[in-house]
A.B. asks: 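Sending over a structure as C-alpha cells; questions will come in a sec.
Residue numbers count from 1 along this sequence.
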Amino acid sequence: LPWAQERSVSRAAPAGPSLPVPTHCSDISPLLKDPVAFRALIDLLEDHLRASFPRIDFIAGECLDSRGFLIGPPLAQRLGIGFVPVRKKGKLPGPTESISYSLEYGKAELEIQSDAVEPGQRVVIVDDLLATGGTMCAACELLKRLKAEILECLVVIELKPLKGSEKLSSIPFYSLLQYD
C-alpha cells in the first residue's frame with residue numbers, strides 16, 4: 001500500500017529543529033540506515049515517475065558530495081536509465097559547464113560535463129532536500145544550457161517556509177514530504 005510506504009519513509013526522515021538556518025537539520029540519514037524505509041522511498045519515487053512520464057532519458061543528481069547523490073543512482077537503475085552527476089566545481093573530469101549561485105549562507109558553484117546530455121533529452125533532477133531553491137535552480141540552469149528538457153525537479157523533503165519551489169517558476173516540482 002502506498003500510504004504505508006509513505007508512512008515508513010516519513011517516520012524514518014523526521015522534521016528537524018526550527019529552521020531556516022542551518023537547513024541540514026532535516027536530514028535523510030535515518031532513512032538511509034533503514035533498508036525497509038529506503039526501499040519504500042525508492043519505490044514511491046519510481047511509482048511517481050512511471051505514472052507521470054512515459055519517457056525519461058536521465059536522472060540528474062545534485063551535489064554528489066551530499067546525500068542527494070544516494071537517491072539518484074538507485075532510482076535511475078530502477079527506471080533502466082542513466083544517471084548524470086551535477087557536482088561542486090572542480091570534481092568532474094573533462095570539459096564542463098559551470099554556474100555560480102547564492103546560498104542562504106554564501107556562494108557556491110556547480111558544474112556538469114558538457115556532453116552529459118544531448119539537446120532534447122528528457123531529464124528529472126533529483127535531490128534529497130529543497131530549502132531556498134538556489135542549488136536546484138542552478139542545476140536547472142546547467143541542464144537548460146545543454147538544451148535538455150527538464151521534466152521535473154523531485155525531492156524527498158521540502159522545507160515549505162523557505163519557499164524554494166517558488167523559484168523554480170515554470171518547472172514542475174514534486175516533493176514526497178513537506179515540512180512546515
Side-chain angles (χ1 to χ4, degrees), residues 9 13 23-24 26-29 31-33 38-39 41-46 48-50 52-53 55-159 164-165 167-168 171-177:
V9 171
T23 56
H24 65 275
S26 289
D27 160 20
I28 66 162
S29 296
L31 178 66
L32 298 173
K33 291 189 328 187
F38 186 68
R39 184 177 305 111
L41 168 68
I42 300 301
D43 288 345
L44 288 165
L45 297 178
E46 176 189 10
H48 164 73
L49 290 177
R50 286 191 188 280
S52 301
F53 305 105
R55 193 183 110 230
I56 302 169
D57 296 310
F58 290 104
I59 296 291
E62 285 193 65
C63 297
L64 292 188
D65 305 324
S66 73
R67 294 168 305 274
F69 163 69
L70 300 170
I71 297 161
L75 185 57
Q77 187 212 23
R78 286 272 194 94
L79 295 168
I81 60 177
F83 176 79
V84 173
V86 177
R87 296 202 63 189
K88 290 179 182 174
K89 187 165 179 63
K91 302 283 185 178
L92 293 171
T96 60
E97 289 284 329
S98 67
I99 187 169
S100 293
Y101 64 102
S102 294
L103 296 166
E104 57 273 15
Y105 49 82
K107 290 199 176 279
E109 250 182 295
L110 283 182
E111 60 185 11
I112 190 170
Q113 290 175 311
S114 300
D115 63 353
V117 298
E118 298 292 321
Q121 287 189 306
R122 301 162 56 91
V123 178
V124 172
I125 303 171
V126 176
D127 204 358
D128 65 326
L129 178 76
L130 184 75
T132 62
T135 305
M136 187 67 81
C137 287
C140 288
E141 180 57 34
L142 285 173
L143 284 155
K144 286 178 185 176
R145 288 181 189 176
L146 298 181
K147 298 182 175 33
E149 180 184 344
I150 303 169
L151 299 174
E152 184 173 77
C153 294
L154 179 147
V155 299
V156 177
I157 299 171
E158 176 186 8
L159 303 178
S165 62
K167 292 182 183 171
L168 299 173
I171 298 171
F173 173 74
Y174 177 80
S175 57
L176 185 62
L177 304 172

A.B. asks: Who pairs with Ser102 by side chain to side chain contact (heavy atoms under 4.5 Å, CB included), at least two apart in sequence or on another chain?
C.D. replies: Lys107
A.B. asks: State which residues pass side chain to side chain contact (heavy atoms under 4.5 Å, CB included) with Lys147; sequence neighbours excluded, sorted by chain then number.
C.D. replies: Pro119
A.B. asks: Looking only at heavy atoms, which two atoms of Tyr101 and Ala138 are closest? And how far apart?
C.D. replies: CD2-CB, 3.6 Å
A.B. asks: Checking Gln121 now: which residues fulfil side-chain hydrogen bond (donor to acceptor under 3.5 Å, both in side chains) with it, not counting sequence neighbours?
C.D. replies: none
A.B. asks: Check whether any side-chain N or O of Asp57 sits under 3.5 Å from a backbone N or O of Arg122 as a donor-acceptor pair, and report yes or no.
C.D. replies: yes
A.B. asks: Could you pull out the closest heavy-atom pair between Ala76 and Phe83, with the gap in Å?
C.D. replies: CB-CB, 4.1 Å
A.B. asks: Give me the atom names and distance for the closest heavy-atom approach of Ser165 to Leu130.
C.D. replies: N-CD2, 3.4 Å
A.B. asks: My understanding is that only residues two or more places apart in sequence, or in another chain, count here; which of them pass side-chain hydrogen bond (donor to acceptor under 3.5 Å, both in side chains) with Glu152?
C.D. replies: His48
A.B. asks: Checking Ser175 now: which residues fulfil side-chain hydrogen bond (donor to acceptor under 3.5 Å, both in side chains) with it, not counting sequence neighbours?
C.D. replies: Glu158, Gln178
A.B. asks: Using a 6.0 Å cut-off, check whether atom CD of Gln77 has over 12 heavy atoms from anything other than its own residue.
C.D. replies: no
A.B. asks: If every non-hydrogen atom of Tyr174 is compared with every non-hydrogen atom of Leu45, which pair is closest and at what distance?
C.D. replies: CE2-CD2, 4.4 Å
A.B. asks: I need the minimum non-hydrogen distance between Leu159 and Ala131, along with the two atoms involved.
C.D. replies: CD1-CB, 4.2 Å
A.B. asks: Can you find a heavy atom in the side chain of Val84 that is under 4.5 Å from one in the side chain of Val117?
C.D. replies: yes
A.B. asks: Measure the spacing between CG of Leu142 and SG of Cys137 and express it to the nearest 0.5 Å.
C.D. replies: 11.5 Å
A.B. asks: For Thr96 and Glu111, indicate whether the former's side chain and the latter's backbone hold a donor-acceptor pair under 3.5 Å.
C.D. replies: no
A.B. asks: If every non-hydrogen atom of Leu92 is compared with every non-hydrogen atom of Arg87, which pair is closest and at what distance?
C.D. replies: CD2-CD, 3.8 Å
A.B. asks: Calculate, to the nearest 0.5 Å, the distance between atoms CG and CG belonging to Leu177 and Asp128 respectively.
C.D. replies: 11.5 Å
A.B. asks: Can you confirm whether Leu79 sits close enough to Leu75 that some side-chain heavy atom of one is under 4.5 Å from a side-chain heavy atom of the other?
C.D. replies: yes
A.B. asks: Atom CD1 in Ile99, atom OG1 in Thr135: separation rounded to 0.5 Å?
C.D. replies: 10.5 Å
A.B. asks: Only pairs at least two apart or in different chains count here, so list each salt bridge (Lys or Arg N to Asp or Glu O under 4.0 Å) that has a residue in residues 71-80.
C.D. replies: Asp43-Arg78, Glu46-Arg78
A.B. asks: What residue among Leu168, Val123, Val126 forms side chain to side chain contact (heavy atoms under 4.5 Å, CB included) with Cys153?
C.D. replies: Leu168
A.B. asks: Scan residues 133-143 for pairs that pass salt bridge (Lys or Arg N to Asp or Glu O under 4.0 Å), counting only residues two or more places apart or in two chains.
C.D. replies: Glu141-Arg145
A.B. asks: Less than 4.5 Å apart, any side-chain heavy atom of Met136 and any of Ile171?
C.D. replies: no
A.B. asks: Roughly how far, to the nearest 0.5 Å, is the CD1 atom of Ile71 from the CG atom of Leu31?
C.D. replies: 7.5 Å
A.B. asks: Go through the structure and list residues passing side chain to side chain contact (heavy atoms under 4.5 Å, CB included) with Glu109, not counting sequence neighbours.
C.D. replies: Lys89, Ser98, Ser100
A.B. asks: Do Phe38 and Ile28 come close enough that some side-chain heavy atom pair is under 4.5 Å?
C.D. replies: no
A.B. asks: Ile59 and Leu49: side-chain contact (heavy atoms from CB on, under 4.5 Å), yes or no, with the steps?
C.D. replies: CA-CA 11 Å; Ile59 296 291; Leu49 290 177; 4.0 Å; yes
